[in-house]
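Below is one structure, written out as C-alpha cells; comments come after it.
Here, residue 1 is the first one in the sequence, and each next residue gets the next number.
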Amino acid sequence: MAVDAKSVPLEDQEEQERQVQRHDAPAHNPSAPPDEFFDISTTVDPSYVISLIRKLLPANASNNHNSHGDVFYAHVQELETDHTDKTAPTLSGDRLLHVSNDGSESMEIADDFHKSAPEERQNNGSYDGAEQCGHSVPVGEEAWEEYGCILWDLAASKTHAELMVQNLILEVLLANLVVSQSLRAMEITLGIIGNLACHEVPMKHIVSTIGLIGTVVDQLFSEDAQCLCEACRLLTVGLQSSECISWAKELQSEHILSRILWIAENSLNPQLIEKSVEVLLATIESSEEVVLILLPPLMKLGLASLLINLLDFEMSQLLSERVPERYPVLDVILRSIEALSVIDGHSQEICSNKDLFRLVCDLVKLPDKVEVANSCITAGVLIANILSDEPHLASEISQDLPFLQGLLDIFPFSSEDLEARSALWNIIARLLVRVQENEMSRSALQQYVSVLVSKSDAIEDDLLDFQLDELNSKARTTSLRRIISLLNQWTASKDDDKENEMMGNRYEDDINIDRLLDCCCKHSE
C-alpha cells in the first residue's frame, strides 16, 4: 500500500519523487562496443544506479532452487535488506568513484535520468511504502524493461560498470536468466552483461560468478533472434578478453559448437548471421590455447564449408541487389575465412577450395567498390594467402584484365593498411611474372598497358607513400620491373609499326605512359 503523501515530511516526499523519476529509454538500446562511451557530461547519483539494480530483482527468485538458484539466492537476500550500510563504502570512498566537491559523480552519460515519470508509474506496484522502507518490490514488466535499458546504457561506462558489479548486479542478472522472463527481459539482461564484459574488472567478476557463463551459453538455444544476437555478442567479447579460456571451456562441447554453426547457417536475420559469425571469428583469432580447444572440433563440424557457403550466398545477394544491411555480414565472413587461411593445419582446406578462389576474385572485379571497400581489402589479403599456398592458381588469372584492374582499384581504399597494400603488390607480382610480353599480340599488349596506365595515379600515389619491409619490397620491385618491361615493349612495338601514327591516334596516353614509366623506374632501383 502506498504511503499517504500527507504523512511524509516534505524532504522525504522530495526524495521519493527523485526515486520514481525515470529515464525515457528507447524501445531498443544498441549494443555498445568496448571502446565507445557516452560523450555527454553530467552527474549521476550512484545511489540511483544501485536503486535500479534492486528493481531488477525477479519476483520469483526465491522460488527457483535449481542448480544456479542456491548460488545466487543468498546474494539476492543480502541485496533485499536495507542497503544503507552496504553501499556506504562504495558511495563515500574513492575506490570506485571519482567524487566531485559537491558529492556527485562526474561521468560521461546521458543526462536525463532524473526527469519526471508519468504519474501512472507511481501506482503500478513499483513504488510503495515497502520501497521506502528499504525492501525491494517486484516491478511490472514494462517498468522492469525500462530500468534494464537504463542500466544497459550505463554499463558502457567503466566506472558505472565497476559500481554495478560491486553492488551484486551479476547475481541479480543471473537470477533473471534462470527464472521465467519475457524474451525482451532476456535480451536486456544479456545486453547488460555484454556491456559489463567490455571492461576488465567486471569481466573478472563475470568469470568468477558461479554458473553465469554456463547460463549465458544456454541462451544459444533460444529461438528469439535478438536474444541470440546479444548472447553471441557476449560470447565474442568473452573470447576476445583476457579470460578467454574460461569462455572457451564452456563452449567446447560438440552440442554447443554445432548450435553456433546451425545459427549461422540457418538464420534469415542479417544481424544474427553477423553476430554468430563474429563468435567464430573471435575463436579463430583468440589465443593459441583457445584455438587448440575450439578450432579442431569446429573444423570437424564443417566450419570451412559453412563459411564458404555463406560467402557464396552473400556474393549472390551483392551481385543481384545492393542491400546495405548485408555489407557487415559479407565483411565478417571474409575476415573469418582470411583468419582461417593462415592457421597451420587448417589453411589447406581454405586455400585449395576453387569455389572460394572464384568468389573472392569476383569480388575484386566488382566495378563499384566504395560500399564494400573493407570486404575488397580483405579479399585481396585472402587471395595473397591462397596464392602463397597454391601458386599455380596465378596462371589462371594472369590474363584476367578485369581482375588486374580490380586489384589496382583497391589501392586507394587500403592507404592506411600496410598488410593489404603488401598483399596487393604480392598478387600483382605473381601475375605479371607469368605475362610473356614478347609473345603477346599487339591488341593483347595494348589492353594490358591500357589497364596499367588507366590506374597510373593509384600506382604512383602508392609508390610515393609506401614503405615496405625487405620481403614485401621485393614483391613490389618485381611488379615495377614487370610493368616497366610491358611499357617498354609497347613503346618499342609502336615505333616499329608502319602504322605508328594511326596507333598513336588510337592510344592517346603516351604522356601518361612516360610518366608511369619514369615513376616505376625511380622506385624499382
* Test Arg335 against Thr378 for side-chain hydrogen bond (donor to acceptor under 3.5 Å, both in side chains), laying out the working first. => CA-CA 6 Å; Arg335 288 167 55 203; Thr378 305; over 6 Å; no
* Before giving the answer on side-chain contact (heavy atoms from CB on, under 4.5 Å), spell out for Arg259 and His255 the whole-Å C-alpha distance, their side-chain angles and the decisive distance to 0.1 Å. => CA-CA 6 Å; Arg259 175 63 178 179; His255 181 53; over 6 Å; no
* **side-chain contact (heavy atoms from CB on, under 4.5 Å) evaluation trace for Asn385 with Ser388** => CA-CA 5 Å; Asn385 294 344; Ser388 179; 5.6 Å; no
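Judged by distance alone, with hydrogens and angles left aside, the side-chain atoms of Lys275 form no donor-acceptor pair with the main-chain N or O of Glu230 at under 3.5 Å. With Ser485 contributing its side chain and Arg481 its backbone, the two residues share no donor-acceptor pair below 3.5 Å. Listed for the Thr209 side chain is no donor-acceptor partner under 3.5 Å among the backbone atoms of Leu212. Formation of a donor-acceptor pair under 3.5 Å by the Ser347 side chain with backbone atoms of Asp344 is not found in this model. The main-chain N or O of His205 is found under 3.5 Å from a side-chain atom of Ser208 such that the two form a donor-acceptor pair. The backbone N or O of Trp152 sits less than 3.5 Å from a side-chain atom of Asn195, completing a donor-acceptor pair. A distance-only check finds no donor-acceptor pair linking the side chain of Glu390 to the backbone of Leu387 [under 3.5 Å]. Proximity of a side-chain donor or acceptor of His199 to a complementary backbone N or O of Ala155 within less than 3.5 Å is detected. Asp400 places no side-chain N or O within donor-acceptor distance of the main-chain N or O of Glu396, the cut-off being under 3.5 Å. In this structure, Ser276 contributes its side chain and Ile273 its backbone to a donor-acceptor pair below 3.5 Å.
Among residue pairs with one or both ends in residues 304-314, those qualifying as side-chain hydrogen bond (donor to acceptor under 3.5 Å, both in side chains) are Glu314-Arg326; sequence neighbours excluded. Counting only residues at least two apart or on different chains, the salt bridge (Lys or Arg N to Asp or Glu O under 4.0 Å) pairs with a member in residues 198-216 are Lys204-Glu243.
Leu154 has its side chain out of reach of Leu163: every pair of non-hydrogen atoms, C-beta onward, lies at least 4.5 Å apart. Side-chain atoms of Trp247 and Val237, non-hydrogen and from C-beta on, never get closer than 4.5 Å to each other. Considering only heavy atoms from C-beta on, Arg322 comes within 4.5 Å of Leu318 through its side chain. The shortest side-chain heavy-atom distance between Leu261 and Glu265 does not fall under the 4.5 Å cut-off. Put simply, the side chain of Leu251 reaches to within 4.5 Å of the side chain of Leu239, judged on heavy atoms. Contact of the Val291 side chain with the Thr283 side chain is not registered, since no non-hydrogen atoms from C-beta on lie closer than 4.5 Å. Annotation: side chain of His346 is not in contact with side chain of Leu303 (no heavy-atom distance under 4.5 Å). At a threshold of 4.5 Å between non-hydrogen side-chain atoms, the residues Ile483 and Tyr448 do not count as touching.
Here the CG-SG distance, from Leu356 to Cys351, works out to 8.0 Å after rounding to the nearest 0.5 Å. With rounding to the nearest 0.5 angstrom, the CD1 atom of Ile428 is 9.0 Å from the CZ atom of Phe403. Within the model, atoms CD of Glu171 and CD1 of Ile53 stand 10.0 Å from one another, a figure rounded to the nearest 0.5 Å. With rounding to the nearest 0.5 angstrom, the CD1 atom of Ile377 is 11.0 Å from the CG atom of Leu363. The structure places CG of Leu452 at 11.5 Å from CD1 of Ile484, a figure rounded to the nearest 0.5 Å. To the nearest 0.5 Å, the span separating CD1 on Ile397 from CD1 on Ile427 amounts to 7.0 Å.
Gln240 and Glu278 share no side-chain donor-acceptor pair at under 3.5 Å. At a cut-off of 3.5 Å, with distance as the only test, no side-chain donor of Ser414 or Arg421 sits close to an acceptor on the other residue.
Trp262 has its ring centre no less than 6.0 Å from the ring centre of Phe221.
Checked for salt-bridge contact, Glu437 and Arg482 meet the test: a charged N lies under 4.0 Å from a carboxylate O. A salt bridge links Glu460 to Arg515: at least one charged side-chain nitrogen sits closer than 4.0 Å to a carboxylate oxygen.
More than 12 heavy-atom neighbours from other residues, nucleotides or ligands sit within 6.0 angstrom of CG on Leu292. Atom CD of Gln348 has more than 12 neighbouring heavy atoms from other residues, nucleotides or ligands inside a 6.0 Å radius. At most 12 non-hydrogen atoms from other residues, nucleotides or ligands lie less than 6.0 angstrom from CD of Glu254.
If you run side-chain contact (heavy atoms from CB on, under 4.5 Å) between Ile337 and each of Val332, Leu311, Val277, Asn353, only Leu311 comes through.
Between Leu196 and Pro202, the shortest heavy-atom distance links the atoms O-CB, 3.2 Å.
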